[in-house]
Structure formats: structure tokens, C-alpha cells
2 protein chains.
Amino acid sequence: MARTKGSVGADTKTAIYAAAKKLIEAKGFEAMTLRQLAAEVGVQAGSVYRYVESKDELLQALMNQHMISLIENWEKLEGKGEDPVSRLKAFVAFHIRYHIERRADVVIANLELRSLGEEYRADVVTKRSQYEANLRRILSDGVKAGVFPKVDLEVAAFAIIAMLTGVCFWYRPDGRLSIDEIIDVHQKLVLQGVVG
Amino acid sequence: MARTKGSVGADTKTAIYAAAKKLIEAKGFEAMTLRQLAAEVGVQAGSVYRYVESKDELLQALMNQHMISLIENWEKLEGKGEDPVSRLKAFVAFHIRYHIERRADVVIANLELRSLGEEYRADVVTKRSQYEANLRRILSDGVKAGVFPKVDLEVAAFAIIAMLTGVCFWYRPDGRLSIDEIIDVHQKLVLQGVVG
DNA sequence: CTATTAATCAAACGAACGTTCGTTTAATTA
DNA sequence: TAATTAAACGAACGTTCGTTTGATTAATAG
């Protein structure tokens with residue numbers, strides 16, 4: 001056999017990326033074999049190389065796509081004129097919602113940095129810091145405006161983002177709470193802590 | 001050659017576990033090969049099997065040891081009589097300090113669950129939940145005592161632990177802040193949030 | 001001093017890995 | 001309809017993986 005009936009290159013490429021996300025999320029990048037990936041797409045292992053330069057390049061592409069899209073989506077939504085509290089609440093809501101909806105992307109971006117070749121790693125790390133800068137800016141504006149007490153911006157940003165991203169690792173669609181309720185809990189925690 | 005001069009089985013076993021932690025932290029479990037592990041110890045690959053049943057069992061042992069020791073160490077330190085705020089502050093300090101000092105263990109326990117065989121995974125997950133229950137209890141006592149406003153205990157515990165564990169992934173010993181300063185920032189964030 | 005046990009080496013195993021390549025078939029263009 | 005290009009197959013490549021085994025040497029016990 002050779003070319004299969006109804007096969008379209010663009011569709012296969014899309015299917016490869018989707019299957020890769022699914023498998024890497026479930027098993028990890030190193031544990032995913034190209035034969036598993038190919039089987040998930042319904043194709044032979046060698047055929048993947050029509051669409052992908054190498055396994056490493058595939059991981060790089062997935063991570064980069066995710067980071068770029070994350071940054072773009074927040075920039076589209078950001079309301080620069082608003083007060084720091086509203087902006088912070090908006091950031092919390094955006095981050096949780098966006099991450100829950102793209103669980104696989106997030107798990108990959110957070111767990112597979114080690115598997116990424118050094119040539120690519122710096123790129124992803126830079127983009128991540130670029131995204132985190134959005135939160136640092138909100139906090140900084142809040143402190144300057146006297147709305148937030150003085151706090152170490154770098155540590156606070158790391159801490160808040162770790163908290164928010166963590167949702168991806170326990171959230172279940174059929175769980176007890178809705179996404180809105182989860183967002184609400186986190187907004188309160190970020191703003192007022194447990195003492196309130 | 002065969003048995004080397006001055007070789008002691010117990011020492012080799014210790015060295016194997018230490019080297020495994022180091023390599024898994026750096027490269028991930030799947031990416032670490034037994035030949036790399038053996039080289040780090042200064043031994044041939046086959047020799048590792050005198051001390052380890054299989055690669056999978058090695059990972060299981062590392063994770064289980066870490067979870068058991070984490071639970072035990074908190075129980076030793078826990079002050080049950082104190083007020084919820086003090087207990088919460090103590091928990092934050094303990095968790096950060098313990099995790100920073102055992103970075104490799106923590107990275108492994110948090111990143112390699114997927115690589116753990118199903119037979120073992122439930123065990124580790126149960127132990128993790130057991131540790132998290134300590135925090136839930138503190139929060140619950142605080143809410144009952146009227147010191148903390150009502151909050152979803154499960155989500156709050158997940159959120160706080162994610163925040164605290166996150167320190168492991170950016171902390172550097174030669175960084176700008178000391179561990180005590182980092183703990184301080186986190187205690188304030190957990191208790192009062194950014195608004196204060 | 002001898003027998004036994006502990007610890008390691010060195011070589012090999014089959015299986016699976018990522019990747020390459022020549023061939024074959026489907027779709028498109030001329 | 002004939003020629004060309006797109007898409008996939010299927011077999012093979014050399015390499016590396018986790019693991020097993022039997023020989024070999026060091027330490028210990030009788």
C-alpha cells in the first residue's frame with residue numbers, strides 16, 4: 001500500500017500535533033514513541049517525518065506555539081486603564097480558564113522543559129518570563145498606587161502563578177465545583193489570603 | 001576484573017539512590033539510562049541489579065521514601081495546641097524549607113508520577129493526600145474558630161501547596177533572597193493576600 | 001589456611017528506539 | 001489522457017535500551 005484514499009497533508013499534520021499533545025500529556029515526552037504517535041494518527045512511523053523534522057523539533061514546536069498563544073490571548077484581553085484590583089482579578093480568571101481549557105499544552109510546557117534541547121530552551125524560558133511580567137506589572141502598579149502593601153514582586157508573581165497553574169493538575173470537569181467557583185476561590189486567596 | 005578493593009554493598013546502594021535522584025531530577029526518569037546511572041556510581045550497568053529489582057522499582061522506592069519522610073517530619077514538628085494562624089505559618093515555613101532542602105526528591109515526586117507503574121501510583125497518591133490533610137485540618141480549625149472566613153478547604157489546600165511547592169522550581173541558593181525572606185513573603189501571601 | 005559469601009565485571013540478550021529510503025498509490029495538473 | 005506531485009507504506013538501518021548470566025576477585029568466617 002501507499003497513499004491512502006482521502007488523505008490530505010494538512011489534516012495529517014494537525015492530527016499528528018493533536019495526538020502528540022495527548023500522548024505527551026499522558027506519558028511524558030521521552031516515554032512517547034513515534035510508533036505510538038503514528039498509531040494514534042493511523043499511519044506508519046516513518047510517515048510522521050513528512051511533517052516533522054525530528055522528535056525534538058516536535059516538542060519545541062508544541063511548546064513555542066503554546067507560549068505564543070498564551071501571551072497573545074492575554075494581551076487581547078488586558079484592560080490597561082482599569083484599577084489594579086480589577087486587573088488582578090481579571091488575570092486570575094484568565095489564567096485559570098485558559099489553562100484548564102488547554103490542560104495538555106500546560107502540562108507539556110511545565111513538565112517537559114527538561115526534555116527540550118538546549119538550543120530551544122532559552123526561547124521558551126524567555127517567553128514564560130515575558131508572560132509573568134504581565135502579572136508583575138499589575139502588582140507593581142498596585143503597590144505604586146498604594147492599593148497593595150509592599151511585596152517582593154518577583155516572588156509574589158512566581159507564587160501566584162504557581163498557585164493558579166496548579167489547578168490544571170487536580171481539576172476534573174465532573175468535579176464538585178464549576179470553573180467559575182474555582183476562580184472565585186482563587187481570586188479571594190490571591191487578594192485577601194485565608195485571614196481575609 | 002570482578003569485586004573491587006574496598007567495595008561495600010551498603011555504600012554502593014546508597015550511592016545508587018543518590019545518583020538516581022540527581023540524574024532523574026536533571027533529565028527525567030525515562031531519559032536516565034542505567035548505564036548513565038552506573039557510570040555516576042562508578043560501576044557497570046549490570047551491577048546495579050544487585051541492589052535494585054528493576055528501573056521501575058527504583059523510582060517507586062524513591063517516591064515512597066520521600067512521601068513517608070515528608071509526613072513523618074511534619075508530624076514531628078506539628079504543634080497541635082497552638083492557634084490556627086501560628087500553625088498555618090509553621091506549615092508554610094516547614095513546607096518551603098523542607099522542599100528546598102530536598103529539591104531532587106520533590107521534583108521527582110511531582111514530575112514523575114506519570115512514569116510510575118499503576119501498581120505503585122495509588123500508594124503515592126494516597127500518601128500525598130494524607131500530607132495535604134494536615135493543611136486542610138489547619139484551615140478547617142481556623143474556619144471553625146472564626147479566625148478564617150469560610151473557604152473551600154480542598155481548593156484552598158491545593159492552591160496553597162501548589163504555591164509553596166513552586167518555590168523548588170525557581171529557588172537558587174545564590175539568589176537575591178534568603179530562605180527566611182522567601183518564607184516571610186509566602187506567609188504574608190497565604191494569610192493576607194496581596195491586598196493585606 | 002581454607003571455604004564461603006559478597007561484590008563486581010564483562011559480555012551478551014532480544015526488544016525497541018528514532019530515523020532513512022525506495023516504492024507504491026491517490027490526487028492534481030497540463 | 002498523460003505526466004507530475006502529494007501522501008503514505010513497509011522494510012530496514014545502526015544504536016541503545018533494560019536486563020540476565022557466568023566468571024572472577026575481595027572480604028569474611030571457620
Side-chain angles (χ1 to χ4, degrees), chain A residues 1-21 23-24 26-63 108 112 114-120, chain B residues 1-21 23-24 26-63 108 112 114-120:
Chain A
M1 259 181 277
R3 177 167 191 171
T4 51
K5 275 200 297 181
S7 65
V8 180
D11 294 355
T12 306
K13 183 164 192 174
T14 305
I16 287 174
Y17 276 72
K21 283 185 190 181
L23 288 175
I24 298 174
K27 314 168 152 249
F29 175 72
E30 301 275 356
M32 175 193 75
T33 74
L34 283 170
R35 284 170 181 81
Q36 287 169 347
L37 173 58
E40 182 82 22
V41 176
V43 108
Q44 293 295 316
S47 307
V48 172
Y49 283 83
R50 182 160 288 270
Y51 306 99
V52 155
E53 234 175 61
S54 69
K55 202 189 172 190
D56 284 345
E57 187 264 351
L58 171 61
L59 179 59
Q60 196 274 336
L62 289 177
M63 285 204 180
I108 294 171
E112 305 294 349
R114 288 177 312 189
S115 303
L116 198 59
E118 263 193 77
E119 331 84 274
Y120 305 129
Chain B
M1 262 181 274
R3 178 167 189 170
T4 52
K5 275 199 297 181
S7 64
V8 181
D11 294 354
T12 307
K13 183 164 189 174
T14 305
I16 288 174
Y17 276 71
K21 282 185 191 180
L23 289 174
I24 297 175
K27 314 168 152 250
F29 175 73
E30 300 276 356
M32 175 194 73
T33 74
L34 284 169
R35 284 170 180 82
Q36 287 170 347
L37 173 57
E40 182 82 23
V41 176
V43 108
Q44 293 294 318
S47 306
V48 172
Y49 283 83
R50 182 159 287 268
Y51 305 99
V52 155
E53 238 175 57
S54 69
K55 202 188 173 191
D56 284 345
E57 187 264 350
L58 170 60
L59 179 60
Q60 195 275 333
L62 289 178
M63 285 205 180
I108 293 172
E112 304 295 349
R114 288 177 311 188
S115 302
L116 198 59
E118 263 193 78
E119 331 85 273
Y120 306 129

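Keep in mind the model is a prediction, meaning the values are calculated, not measured. Chain identifiers are assigned alphabetically (A, B, ...) following the order of the sequence lines, protein sequences preceding nucleic acid strands; residue numbering begins at 1 within each chain. Computed over heavy atoms, backbone and side chain alike; hydrogens, waters and symmetry mates excluded.
Within the structure, salt bridge (charged side-chain N to carboxylate O under 4.0 Å, His left out) pairs that include any residue of residues 33-53 of chain A comprise A/Lys22-A/Glu40 (at least two apart or interchain).
Between A/Glu112 and B/Arg114 there is a salt bridge, since at least one side-chain N of the basic residue sits less than 4.0 Å from a carboxylate O of the acidic one.
In this model, the phosphate group of C/dA10 is approached by a side-chain N or O of B/Gln44 to a distance below 4.0 Å at OP1 or OP2. Phosphate contact (OP1/OP2 of C/dT8, side-chain N/O of B/Thr12, threshold under 4.0 Å): present.
With hydrogens and angles disregarded, no donor-acceptor distance shorter than 3.5 Å links the side chain of B/Lys27 to the backbone of B/Thr33.
Residues A/Arg50 and A/Gly46 both approach DNA chain D. Their nearest nucleotides, taken by heavy-atom distance, put A/Arg50 toward the 5′ side. Both A/Ser47 and A/Phe29 sit near DNA chain C, but only A/Phe29 has its closest nucleotide nearer the 5' end.
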Working for side-chain contact (heavy atoms from CB on, under 4.5 Å), residues B/Val48 and B/Leu58: CA-CA 10 Å; B/Val48 172; B/Leu58 170 60; 5.8 Å; no
Derivation of the side-chain contact (heavy atoms from CB on, under 4.5 Å) call for A/Tyr17 and A/Leu62: CA-CA 8 Å; A/Tyr17 276 72; A/Leu62 289 177; 3.5 Å; yes
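With rounding to the nearest 0.5 Å, the separation of NZ in B/Lys55 from CD in B/Glu30 is 5.5 Å.
Rounded to whole Å, the distance from CD on B/Glu53 to P on D/dG18 is 17 Å. Rounding to whole angstrom units, NZ of residue A/Lys55 and C1' of C/dC17 are separated by 9 Å. Residue B/Glu57 contributes atom CD, which lies 14 Å from atom C1' of D/dT19 at whole-angstrom precision. Whole-Å rounding puts the B/Leu59 CG to D/dG18 P distance at 13 Å. Here the P atom of nucleotide D/dA27 and the CG atom of B/Asp11 are 13 Å apart, to the nearest Å. The OH-C1' distance, from A/Tyr49 to C/dC17, rounds to 9 Å in whole Å.
For DNA chain C, the neighbouring residues in residues 30-37 of chain B, judged by any heavy atom under 4.0 Å, are B/Arg35.
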